[in-house]
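Before any comments, here is the structure.
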There are 2 protein chains.
Amino acid sequence: MLRERGLRLTPQRQLILEAVHELGHATPESVHNAVRERAAGVNITTVYRTLELLEELGLVNHTHLSHGSPTYHAAGEDQHVHLVCRTCGSIAEVDPAVMDPVTGRLLRERDFRVDVGHVSLFGLCGNCRETE
Amino acid sequence: MLRERGLRLTPQRQLILEAVHELGHATPESVHNAVRERAAGVNITTVYRTLELLEELGLVNHTHLSHGSPTYHAAGEDQHVHLVCRTCGSIAEVDPAVMDPVTGRLLRERDFRVDVGHVSLFGLCGNCRETE
DNA sequence: TTACCTGCAAAGGTTTTGCACACAG
DNA sequence: CTGTGTGCAAAACCTTTGCAGGTAA
């Protein structure tokens with residue numbers, strides 16, 4: 001995958017990709033922490049550069065869950081839509097098929113192809129609704 | 001609205017709320033620029049604090065359009081879903097009703113109430129698809 | 001050997017915080 | 001008057017960039 005494009009397979013890149021797989025929802029910082037447990041010297045700069053590269057290659061995706069850092073996850077496997085509660089911050093996952101009626105319609109009517117791997121929906125979860 | 005909660009109605013707050021209304025898609029920086037045209041001394045710190053306050057009061061919403069700063073818009077009026085092209089960065093708007101099948105199902109099946117005023121869908125627009 | 005990668009340090013940009021003064025109510 | 005709001009400056013973050021040395025192929 002990397003070599004096909006004249007790129008190199010380094011220990012850092014392997015570790016970072018593994019970390020994204022294992023963490024599921026991974027910020028640059030959490031990836032950095034995970035990687036450093038195995039290789040203490042890896043720099044946060046490398047994490048940023050590698051995540052960007054892996055995304056170009058289509059190996060990972062990222063979304064923005066609320067404020068702050070982006071969240072990366074491995075592409076292909078267990079794609080899901082995120083439900084982010086704006087009150088308690090909890091994150092639930094749902095099958096991306098729930099978006100099918102929307103993606104189909106936007107493709108036909110607006111010529112826009114939604115990237116389902118990046119969808120985050122904000123709102124209020126059941127628990128917080130009861131509390132309010 | 002403000003006074004009901006023991007808060008004060010200041011010129012800065014009025015100007016910032018007006019700016020959000022007029023700009024439509026407003027980042028903290030663009031609000032700051034707009035406000036300064038009428039009142040040069042207003043500080044960016046006040047913009048941040050006021051936007052946060054206005055959101056708590058339900059007068060504005062914000063979404064995250066791609067990387068970087070959040071985008072604020074006035075609540076209530078002309079709600080729309082954003083279609084953000086990840087290649088060219090263009091932003092299109094669609095009627096939030098397009099999300100109805102999804103919001104209805106998530107409410108029934110997951111007890112999650114989607115805030116339609118905050119939805120941004122990332123993907124590829126028609127122009128960029130042709131180019132690729 | 002060669003060009004790609006990495007670590008380090010520093011810069012850049014955005015958002016938050018502390019504090020004293022200003023002012024709306 | 002009283003306590004909320006504001007401006008200013010600095011700190012705190014997060015992310016990017018430049019550069020020299022390291023290393024995969």
Side-chain angles (χ1 to χ4, degrees), chain A residues 1-20 23 25-57 59-72 86 89, chain B residues 1-20 23 25-57 59-72 86 89:
Chain A
M1 192 85 203
L2 285 160
R3 295 175 193 167
E4 295 168 8
R5 294 197 18 182
L7 303 173
R8 294 181 185 168
L9 182 56
T10 63
Q12 288 91 334
R13 289 178 175 176
Q14 292 184 57
L15 289 169
I16 289 167
L17 183 55
E18 285 172 16
V20 173
L23 290 169
H25 290 151
T27 63
E29 190 190 348
S30 68
V31 170
H32 188 212
N33 290 334
V35 168
R36 279 200 292 187
E37 290 181 8
R38 294 198 192 174
V42 177
N43 196 281
I44 184 81
T45 300
T46 301
V47 173
Y48 277 103
R49 287 194 278 226
T50 300
L51 288 173
E52 186 180 356
L53 176 67
L54 295 176
E55 184 149 43
E56 281 177 22
L57 296 174
L59 296 176
V60 306
N61 292 324
H62 84 271
T63 57
H64 288 276
L65 272 36
S66 76
H67 277 189
S69 300
T71 302
Y72 288 82
R86 286 170 39 77
Chain B
M1 193 83 202
L2 286 160
R3 295 176 193 167
E4 295 169 8
R5 293 197 16 182
L7 303 171
R8 293 181 185 168
L9 182 57
T10 64
Q12 288 91 334
R13 289 178 174 174
Q14 292 184 57
L15 288 168
I16 289 167
L17 183 55
E18 284 172 19
V20 173
L23 290 169
H25 290 153
T27 62
E29 189 191 349
S30 68
V31 170
H32 187 211
N33 290 335
V35 167
R36 280 200 292 188
E37 289 181 9
R38 296 201 191 171
V42 177
N43 195 279
I44 184 79
T45 300
T46 301
V47 174
Y48 278 102
R49 289 193 277 227
T50 300
L51 287 173
E52 186 181 355
L53 175 68
L54 294 176
E55 185 150 43
E56 282 176 22
L57 295 174
L59 296 176
V60 305
N61 294 324
H62 84 272
T63 58
H64 288 276
L65 274 36
S66 77
H67 277 190
S69 299
T71 302
Y72 289 82
R86 283 167 43 75

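Letters go in sequence order (proteins before strands), and every chain restarts at 1. Quick note: numbers below take in every heavy atom, side chains included, and nothing from hydrogens, waters or symmetry partners.
Annotation: proximity of residues 31-43 of chain A to DNA chain D (heavy atom, distance under 4.0 Å) is found for no residue. Within residues 10-18 of chain A, the residues approaching DNA chain C are A/Thr10, A/Gln12, A/Arg13, by heavy-atom distance under 4.0 Å.
Here the closest heavy-atom approach between residue A/Val60 and residue A/Leu51 is recorded as CG2-O, 4.0 Å. Here the closest heavy-atom approach between residue A/Arg5 and residue A/Leu57 is recorded as NH1-CD2, 3.4 Å.
With sequence neighbours excluded, the residues satisfying ring-ring contact (aromatic ring centres under 6.0 Å, His included) with B/His62 are A/His67, B/His64, B/Tyr72, B/His118. Applying the salt bridge (Lys or Arg N to Asp or Glu O under 4.0 Å) criterion to B/Glu18, with sequence neighbours excluded, gives B/Arg38. Partners of B/Ser30 under the side chain to side chain donor-acceptor pair (under 3.5 Å) rule, at least two apart in sequence or in another chain, are B/Thr27. Taking the salt bridge (Lys or Arg N to Asp or Glu O under 4.0 Å) definition, one finds that B/Glu55 meets it with A/Arg86, sequence neighbours left out. When the side chain to side chain donor-acceptor pair (under 3.5 Å) test is applied to B/Ser69, no partner is found at least two apart in sequence or on another chain.
Rounding to whole angstrom units, CG of residue B/Leu51 and P of D/dT6 are separated by 12 Å. Distance CG (A/Leu9) to P (D/dT23): 16 Å, rounded to an integer number of Å. The distance between atom CZ of A/Arg49 and atom P of D/dG18, rounded to the nearest whole Å, is 11 Å. Between B/Arg5 atom CZ and C/dA24 atom C1' the separation is 17 Å, expressed in whole Å. Counting to the nearest Å, the C1' atom of D/dA25 and the CG atom of A/Leu7 are 12 Å from each other.
Taking 4.5 Å as the limit, some side-chain heavy atom of A/Asn33 sits within range of a side-chain heavy atom of A/Glu29. Looking only at side-chain heavy atoms (C-beta outward), A/Leu53 and A/Leu7 come within less than 4.5 Å of each other. Side-chain contact between B/Gln12 and B/Arg49 is absent, with no heavy-atom pair separated by less than 4.5 Å.
Pairs passing the salt bridge (Lys or Arg N to Asp or Glu O under 4.0 Å) check and including a residue from residues 61-72 of chain A, sequence neighbours excluded, do not occur.
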query = When every nucleotide of nucleotides 10-15 of chain D is labelled 5' to 3' by its protein contacts under 4.0 Å (heavy atoms), B for base, S for sugar-phosphate only, - for none, what sequence of letters results?
reply = ----SS

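For A/Arg8 and C/dC5, a side-chain-to-base donor-acceptor distance below 3.5 Å is absent, hydrogens and geometry of angles not being considered.
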